[in-house]
Protein chains: 2
Amino acid sequence: MLSIIMASTIGHTHADNGSPDLTQRLRGAGLRPTRQRMSLGRILFSKGNRHVSAEALHEEAVLADVPVSLATVYNTLHQFTEAGLLRAVAVESSKTYFDTNTSDHHHFFIEEENRVVDVPASHISVTDLPEPPEGMEIARVDVIVRLRSKD
Amino acid sequence: MLSIIMASTIGHTHADNGSPDLTQRLRGAGLRPTRQRMSLGRILFSKGNRHVSAEALHEEAVLADVPVSLATVYNTLHQFTEAGLLRAVAVESSKTYFDTNTSDHHHFFIEEENRVVDVPASHISVTDLPEPPEGMEIARVDVIVRLRSKD
DNA sequence: ATTTGTGCAAATCGTTTGCATCTGA
DNA sequence: TCAGATGCAAACGATTTGCACAAAT
């Protein structure tokens, strides 16, 4: 009986349930490593570069037995983005995609499948950039290569 | 009295109320030159290159005493886009902007003002484009230069 | 006369917010 | 303890749709 109580207490507080690096990453970003953030972070960052929508991530989480609310998924994605752990990609005006690759790179967008893919690194050079209008500076240059299937 | 009746009848059917070229443009695109389409077309195409949202165009129309419904504005914008008279620009995932310049060119986006501006022609070269994945071809390359005001 | 377009209001979709409740430090 | 997180449901803004009515050919 005592053991049961102890186990449950331990399980809820200090169980070894995830990469310690993720904990650090969140802490470093000023985010408390909560259950949901850790779970979502694990889903996002443990499989190489990904491009997810809030909806998709929510489904994945639920399937992985991590019952988060959609609202929390949105909150988390935005917090991660502000913290520099994610990058938002604007491809078409409806869904927002979040990219786990925050380095400087560009994207393919496959319209038929509504899928975003990284352009292999070091490809694409944008040159001959115009002067920005007076008083403005360039914050970022986004290139979207829209693909369709060949006939 | 008779003249009033005639005037009103004529006004509703064959009055010379607009560029004949626009009529042809619509016809050529397989679109019947209706009052609303002509009015919206006139607003869109008579002032050089523009980047409008549905909402903004709707307001402009209403102010210009062309009472169209917002639904019709959306329908019209999409019909024009499919017909190649407009081009949809995806800058951020919320509003869609329609560009009256359908030629190959790129855009500035001023985040603070939510405004889209054409990049002066012939600027920006995108080189070293990657091979698209097997079975795919490049439909279009969009470059968005995001600007922020200098401090 | 027939086909096509239009207006309106309601429906939908992605996303955000308010607030009561829970949880991590 | 107690600031900060979370869940839920309701609010939201942009866009779409269904259907009765109106206009174009």
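Protein chains get the first letters and strands the later ones, always in sequence-line order, with residue 1 at the start of each. This structure is a prediction, so every number in the text was calculated from the model and none was measured.
Put simply, CE on Met38(A) is 13 Å from C1' on dG24(C), counting in whole angstrom units. As rounded to whole Å, 12 Å separates atom C1' of dT6(C) from atom NE2 of His58(B). In this structure, Leu70(B) places its CG atom 14 Å from P of dT6(C), rounding to the nearest Å. If you take NZ of Lys95(B) and P of dT16(D), they are 14 Å apart, rounded to a whole angstrom. Atom CD of Gln79(B) is separated from atom C1' of dG5(C) by 8 Å (rounded to the nearest Å). What separates CG of Leu26(B) from P of dT4(C) is a distance of 16 Å, to the nearest Å.
Below 30°, between 30° and 60°, or above 60°: for His105(B) and His107(B) the angle between ring planes is above 60°, a perpendicular geometry.
Hydrophobic clustering keeps Val141(B) apart from Val91(B) (ILVMFWY residues linked when any side-chain heavy atoms are closer than 4.5 Å, directly or through intermediates).
For dT15(C), the OP1/OP2 oxygens have a side-chain nitrogen or oxygen of Tyr74(A) closer than 4.0 Å. The shortest distance between the side-chain N/O atoms of Thr72(A) and the OP1/OP2 oxygens of dG7(D) is below 4.0 Å. Between Arg27(B) and the phosphate of dT25(D), there is a side-chain N or O to OP1/OP2 separation shorter than 4.0 Å. Of the side-chain N and O atoms in Arg37(B), one or more sit less than 4.0 angstrom from OP1 or OP2 of dG5(C). A close approach under 4.0 Å does not occur between any side-chain nitrogen or oxygen of Arg32(A) and OP1 or OP2 of dA3(D). Applying the 4.0 Å criterion to OP1 and OP2 of dT6(C), one finds that Arg35(B) has every side-chain N and O outside that range.
Using a 4.0 Å heavy-atom cutoff across all strands shown, His78(B) reaches sugar-phosphate atoms only and no base atom. No contact: Ser53(A) has no heavy atom under 4.0 Å from any strand.
Side chains of Thr76(B) and Gln36(B): no donor on one and acceptor on the other come within 3.5 Å. Checked by atom type, the side-chain pair Glu55(A)/Ser53(A) shows no donor-acceptor distance below 3.5 Å.
Taking for each of Thr96(A) and Leu31(B) the nucleotide of DNA chain C with the nearest heavy atom, the 5'-most of the two is the partner of Leu31(B). Sequence order on DNA chain D of the closest nucleotides to Glu55(B) and Thr34(B) puts Glu55(B) first from the 5' end. Residues Asn75(A) and Pro33(A) both approach DNA chain C. Their nearest nucleotides, taken by heavy-atom distance, put Asn75(A) toward the 5′ side.
Relative to the six-membered ring of Phe45(A), Arg25(A) meets both conditions, a distance below 6.0 Å and an angle of at most 45° to the axis.
Here the nucleotide nearest the side chain of Gln36(B), chosen from dT16(C), dG7(C), dG7(D), is dG7(C).
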